[in-house]
Amino acid sequence: MTNETFKVEHRYLDLPDSFYSRVKPTPLSQPKMVCFNHKLAAQLGFHVQDEGDWAQIGAGAELLEGMDPVAMKYTGHQFGVYNPELGDGRGLLLWETIAPDGTRWDWHLKGAGTTPYSRFGDGRAVLRSTIREYLCSEAMHGLGIPTTRALFMISAKDPVRRESIETAAALMRVAKSHIRFGHFEFAAHHEGPEAVKTLLEQVISLHFPHLIELPEPQRHARWFAEVVERTARLIADWQAVGFCHGVMNSDNMSIIGDTFDYGPYAFLDDFDAGFVCNHSDHEGRYAYNRQPQIGFTNCHYLANALLPIMEEDTVRECLGSYETAYNQRFKHNMLAKLGLDETDDADMALIMDTFSMLHEHRVDYTRFFRGISNLHRHGNAPVRDLFADRSVADEWLERYEARLQKETRAHDEREYAMRQVNPKYILRSYLAQQVIMEAQNGNYAPMKELIKVLENPFDEQPEHEHYAALPPDWGKHLNISCSS
Ligand code: AMP
Ligand code: MG
């Protein structure tokens, strides 16, 4: 392997030394390529003949010329409590490459061994959780939601101790940035105003270039407002597809507004507003319906970290844009899901009543919205069948049909547009579980097929109908282990 293909930069190393530690990966043994994302590689500007060539790199046994691995230092609030000891405990930033279209990509190898920030951890990632991260980052991308991406993953022979002995794996995660809210918390609470400013200017110059020319107070204010808005919009997008992140600690919040760090996440099956997917989250801090508020809390932590270099009033004003940005995006998403183009004062009430109904009757969230995207094509049976009490569905459908009278778009046109926002296929927990069980027996074909289906979640894909089915009884409320 040579690096001739890549235009390399490693701008993270421009930051002060305290922001990272140089660490070589601890190699894994006898790595096998599990899955390689050729489409993404093409976007990054390279093509691969033999996927196996990348296995040793995934195992941390080889580096390409120009790779200079570092563990990033950050801190953050975990479940509301500040933890100064964080940092990349099992992942390394290898380098940054510039794609032919000019896009910057961080390459981060997750599961590469211990670092100075590993605390009690072993620096490893297991096959199960690595597959879950791979699947979900690609599923999110398919849904059009900003996210880190999965370039490839390997499995290895090394045993890893969790509740039981598991198979080691590693993921080459790529993203336009791996900088988290927690990087700013580290800078502010341990390094001082200069460090915050250096970090902020770096983030602006790499990821918010349209702000570079603004004079300083406005540049910083505009930047923070944009981070707040991106965060609010991201969470409104999660709510619209029924995604629960599970661990919205501030060290898992991307500064560019990507979905970041997939742990015990879940997509809702039966709608339950208070659903908690993280079994260690005993208080339900990160329940589905609390995500919008938690996003704001995290922006607050970031705001505190900016106080050393920004006026308090400015920071407060920027925080104020969260609610507006969230509400606008949420309403926009829900109107699109309902196919409502015309404005009607009663629409917000319709949206909230729809959520209440779905919650009260535990209706499958994805199939409900896909069902109403086909009402005039396929009739109302697929929607009615989701309700134990059909009269509840009938009442709602009557109200909805009445509202549709105010629309001017033709039915088929509206329903076509609705099918572009209401996915037929989502990454249900049981689907992930099934392909993991196959992978643990050495069969990666089901995982690859599932990834292909989730690449185009809005397409009918009649040959893959079974992936859109309701979960079987065993597949509801799976207990996903958090020890990843
Ligand atoms: P997470 O819950 O995955 O967001 O991780 C929180 C922190 O723990 C991060 O600083 C991780 O790098 C670290 N961490 C998680 N798992 C391990 C592990 N197996 N070994 C070392 N550090 C870990
Ligand atoms: Mg994390």
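Indexing begins at 1, ligand by ligand and atom by atom, following the structure's order. Every value quoted in this text rests on a predicted model; they were computed, and no experiment measured them.
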Can you confirm whether some protein heavy atom lies under 4.0 Å from atom 8 (O) of ligand 1, or whether none does?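 Yes; the ligand atom in question has protein heavy-atom contact below 4.0 Å.
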Below 4.0 angstrom, counting only protein heavy atoms, does anything approach atom 12 (O) of ligand 1?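 Yes; the ligand atom in question has protein heavy-atom contact below 4.0 Å.
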Within less than 4.0 angstrom of ligand 1, does [X] place any heavy atom?
X: F120; result: no
X: G123; result: yes
X: E85; result: no

Confirm or rule out an N/O/S atom of N252, from backbone or side chain, lying less than 2.8 Å from the Mg ion (ligand 2).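 Here the distance criterion (N, O or S atom, under 2.8 Å) is met by N252, so yes.
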Between F260 and R173, is there a cation-pi geometry (under 6.0 Å to ring centre, at most 45° from the normal)?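 Flagged: R173 positioned over aromatic ring of F260.
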Tell me, please, whether Y265 has R132 positioned over its six-membered ring: NZ or CZ under 6.0 Å from the ring centre and within 45 degrees of its axis?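 Yes, a cation-pi geometry holds between R132 and Y265.
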How far is [atom] from its nearest protein heavy atom, and which residue and atom is that?
atom: atom 21 (C) of ligand 1; value: G89 O, 3.1 Å
atom: atom 1 (P) of ligand 1; value: D261 OD2, 4.3 Å
atom: atom 19 (N) of ligand 1; value: D122 OD1, 3.0 Å

Which label fits F355 and F330: parallel for a plane angle under 30°, tilted from 30 to 60°, or perpendicular past 60°?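 Ring orientation of F355 relative to F330: parallel.
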Parallel, tilted or perpendicular: which fits the ring planes of Y82 and H77, with parallel below 30° and perpendicular above 60°?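 The arrangement is tilted - the two ring planes meet at 30° to 60°.
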Verify whether one side chain among [X] and [Y] offers a donor that lies under 3.5 Å from an acceptor in the other.
X: Q291; Y: H245; answer: no
X: N249; Y: Y286; answer: yes
X: R162; Y: S129; answer: no
X: Y262; Y: T148; answer: no

Would you say K424's side chain and R367's backbone share a donor-acceptor pair under 3.5 angstrom?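 Checked: no pair found.
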Is the closest basic N to carboxylate O distance between K197 and E216 below 4.0 Å?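 Between E216 and K197 there is a salt bridge, with a charged N closer than 4.0 Å to a carboxylate O.
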For ligand 1, which atoms sit closer than 4.0 Å to a heavy atom of [X]?
X: G121; result: 18 (C), 20 (N), 21 (C)
X: R162; result: 19 (N)
X: R124; result: 19 (N)
X: R119; result: 7 (C), 8 (O), 13 (C)
X: N252; result: 4 (O)

Restricting to N, O or S atoms, which atom of D261 is closest to the Mg ion (ligand 2)?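 Closest to the Mg ion (ligand 2) among those atoms: OD2.
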I would like to know whether Q239 and Y326 meet side-chain contact (heavy atoms from CB on, under 4.5 Å); could you show each step before the answer? CA-CA 10 Å; Q239 301 306 99; Y326 178 82; 3.3 Å; yes
Examine G87 against ligand 1 and note whether any of their N/O atoms are separated by less than 3.5 Å.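 Yes, there is a polar N/O contact under 3.5 Å.
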Have a look at Q78, K110, R90 and point out the one with the heavy atom closest to atom 6 (C) of ligand 1.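 It is Q78 that holds the nearest heavy atom.
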Region of Y74 engaging ligand 1 - heavy atom pairs below 4.0 Å: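 Within the 4.0 Å criterion, Y74 contacts ligand 1 through side-chain atoms alone.
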